[in-house]
Engineer: 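A single structure is presented below for examination.
Naming: A, B, ... by sequence-line order, numbering from 1 per chain. Being a predicted model, the structure only gives us computed values, none of them experimental. FYI, side chains are in, hydrogens and waters are out, and symmetry mates aren't considered; it's all heavy atoms of this structure.
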Number of protein chains: 2
Amino acid sequence: MSTPGRGLHGHVLDTLGPAITAGEYPPGSVLRTDELAQRFDVSRSVMREAVRVLESMHLVESRRRVGVTVRPKAEWNVYDPQVIRWRLAGADRPRQLRSLTVLRSAVEPVAAGLAAKHASAEQCAELTQCALGMVANSRGHRLEGYLVHDVAFHRAILAASGNEMFARLGDVVAEVLSGRTHHDVMFEDPDPAAVTLHVQVAEAVRAGDATRAEQLTREITVGALQELDILAP
Amino acid sequence: MSTPGRGLHGHVLDTLGPAITAGEYPPGSVLRTDELAQRFDVSRSVMREAVRVLESMHLVESRRRVGVTVRPKAEWNVYDPQVIRWRLAGADRPRQLRSLTVLRSAVEPVAAGLAAKHASAEQCAELTQCALGMVANSRGHRLEGYLVHDVAFHRAILAASGNEMFARLGDVVAEVLSGRTHHDVMFEDPDPAAVTLHVQVAEAVRAGDATRAEQLTREITVGALQELDILAP
DNA sequence: CTGGCATAAATAAGTCTGACTTTTTGTCTC
DNA sequence: GAGACAAAAAGTCAGACTTATTTATGCCAG
């Protein structure tokens, strides 16, 4: 996915990254560059590059005379798409999925409201296309086709919001939606009510009705929260 | 701020990072590792480490026979605290500040709602302390003292939400609030209404009233949006 | 004998250099 | 236009050296 193993240091990261984010090395664990270089059978230069990347993600900290120490989870750059992917691929997947879904529930409604104000004609058309694609694939176990349009829909909303921070969450939402279809339970056709909501959001954005777009999107995200049993009585 | 220039590659990043995020190298610009190494008077190993870090931030892409090409802004890891800091320090500051404030307006109300449900007794106490500190520093040009408690308050809310993604936005909020006081216009005492709102949020969280905590926080963030003239008629 | 302080030693990251490999691209020829 | 060739730049490796930091040592004073 995305950009795997480009170079030796990438291969090292593909192994070390998931291991660290999975908690295999408890916070405070000390690794030595030389030892790691031997273990992965790469030169120290390559290993140093990998460590630098992990350091920039705040997963580890490199100090002289000490070594490479693993930082506590609270300091990780959890918004780094690479870190998110590593965590989604590991044992921390459920917790990560919940965190991201809550984040979605906060961001997407606001993004939809902004989209209603800022979306261009092309973006409205794109949105409608996606919604129609979802409808067309909503019956008969066409889960893959549905997923493609669902992801495109939410990406389009985030992009049309005109806010770069929101737009960059497109990949995250894609991972979450994709994971729901592939890894988790999603054998039946999608909820018809959810499909309708997406169509209505597209309409509201086209109509420039920010309040309605926001409210409808909030209903969508509430549904996503309910799927993960994240509720408030 | 935080961890500056730890090592030669750090110094290179402190120069190259701001330059790239400021748009001094347009998307598609090609840099060569050797040339950069000469320019910064460091060895190729050090320069390679710096490039790897920039690559992990999706600011650049390194390809054989081509060089290090600058990626379009839309692909940058804009949630990387380092990238945020670089952009806040450069010419892109106003736009970055707006993006972040909109993000705050989406996240913080939801975080406050969650905090009302999940906050521990200690976290409630911390929150109240912060609010009282804000009140105590709200008059007589005690802007620094006010800022400290304001930052601590919002950090506490995000932390008490129990969501790690929200919690990690604490640094971002701190940068925004700090910037508002230091760089931008903030000569007068803070708005008394805003101070009151913070106290009321602390009360609502303590009382476990999620809806009220969310609504009150929404009013706070609306105020922040208005300060930047981000409005919806 | 003990406490503290200055000094020395050990250690692991940090840095530099130079040679070599690999991939990609542009060009030249047929 | 297809294939072969050459150039360019990143990628890799190995080894020697530097530097900062921690730990251990040992000395003197109390």
Engineer: Do the charged groups of Asp171(A) and Arg155(A) touch, with an N to O distance under 4.0 Å?
Structural biologist: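 Salt bridge between Asp171(A) and Arg155(A), a charged N being under 4.0 Å from a carboxylate O: yes.
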
Engineer: Between dT12(D) atom P and His11(A) atom NE2, what is the distance in whole Å?
Structural biologist: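 Distance, rounded to whole Å: 12 Å.
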
Engineer: Toward the 5' end of DNA chain C, which comes first, Glu49(B) or Arg44(B), by nearest nucleotide?
Structural biologist: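 Result: Glu49(B).
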
Engineer: Please give, in whole Å, the distance from dA10(D) P to Leu54(B) CG?
Structural biologist: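 It works out to 14 Å between those atoms.
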
Engineer: Answer yes or no: is there an ion pair linking Lys73(B) with Asp92(B), defined by an N-O contact shorter than 4.0 Å?
Structural biologist: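 Asp92(B) and Lys73(B): salt-bridged.
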
Engineer: What is the distance, to the nearest angstrom, from the CG atom on Asp41(B) to the C1' atom on dT17(C)?
Structural biologist: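 Taking atom C1' of dT17(C) as the reference, CG of Asp41(B) is at 14 Å.
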
Engineer: Rounded to the nearest Å, what distance is computed from the CZ atom of residue Arg48(B) to the P atom of nucleotide dG11(D)?
Structural biologist: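 Computing the Arg48(B):CZ to dG11(D):P distance gives 5 Å.
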
Engineer: Can you tell me how far the CZ atom of Arg87(A) sits from the OG atom of Ser99(A), to the nearest 0.5 Å?
Structural biologist: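 With rounding to 0.5 Å, CZ (Arg87(A)) is 6.5 Å from OG (Ser99(A)).
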
Engineer: Between atom CD in Glu55(A) and atom C1' in dA13(C), what is the gap in whole Å?
Structural biologist: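 Answer to the nearest Å: 11 Å.
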
Engineer: What's the shortest heavy-atom distance between Val51(A) and Val60(A), and which atoms?
Structural biologist: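 Closest approach of Val51(A) to Val60(A): O-CG2, 4.1 Å.
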
Engineer: Of the non-hydrogen atoms in Phe40(B) and Met47(B), which two are nearest, and what is the gap between them?
Structural biologist: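 It is CD1-CE, 3.3 Å.
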
Engineer: Any Lys/Arg nitrogen of Arg180(B) or Asp150(B) sitting under 4.0 Å from an Asp/Glu carboxylate oxygen of the other?
Structural biologist: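 Salt bridge present between Arg180(B) and Asp150(B).
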
Engineer: For nucleotides 22-25 of chain C, print each protein N/O atom paired with a nucleotide N/O atom at under 3.5 Å, atom names and distance only.
Structural biologist:
{"from": "dT22(C)", "atom 1": "O2", "to": "Arg64(B)", "atom 2": "NE", "distance (Å)": "3.4"}
{"from": "dT25(C)", "atom 1": "OP1", "to": "Arg63(B)", "atom 2": "NH2", "distance (Å)": "2.9"}

Engineer: How about His198(A) and His149(A): are their ring centroids closer than 6.0 Å?
Structural biologist: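 No: the rings miss the under 6.0 Å criterion.
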
Engineer: Please report the distance, rounded to the nearest Å, between CE in Met47(A) and P in dG14(C).
Structural biologist: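 Computing the Met47(A):CE to dG14(C):P distance gives 13 Å.
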
Engineer: Using every non-hydrogen atom in the two residues, find where Cys130(A) and Ala152(A) come nearest and quote the distance to one decimal.
Structural biologist: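 Where Cys130(A) meets Ala152(A) most closely, the heavy atoms are SG-CB, 3.5 Å.
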
Engineer: Ser62(A) near the nucleic acid: base, sugar-phosphate alone, or nothing, with a heavy-atom cut-off under 4.0 Å?
Structural biologist: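 The answer is sugar-phosphate, as Ser62(A) gets under 4.0 Å only of primed atoms, P, OP1 or OP2.
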
Engineer: For DNA chain C, which residues in residues 30-38 of chain A have a heavy atom at a distance below 4.0 Å?
Structural biologist: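 Residues of residues 30-38 of chain A under 4.0 Å from DNA chain C: Leu31(A), Arg32(A), Thr33(A), Asp34(A).
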
Engineer: What residues, two or more places apart in sequence or in another chain, satisfy side chain to side chain contact (heavy atoms under 4.5 Å, CB included) together with Arg48(B)?
Structural biologist: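 Result, side chain to side chain contact (heavy atoms under 4.5 Å, CB included) vs Arg48(B): Glu49(A), Thr33(B), Arg52(B).
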
Engineer: How many Å lie between CZ on Arg52(A) and C1' on dG14(C), as a whole number?
Structural biologist: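 Rounding to the nearest Å, CZ of Arg52(A) and C1' of dG14(C) are 8 Å apart.
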
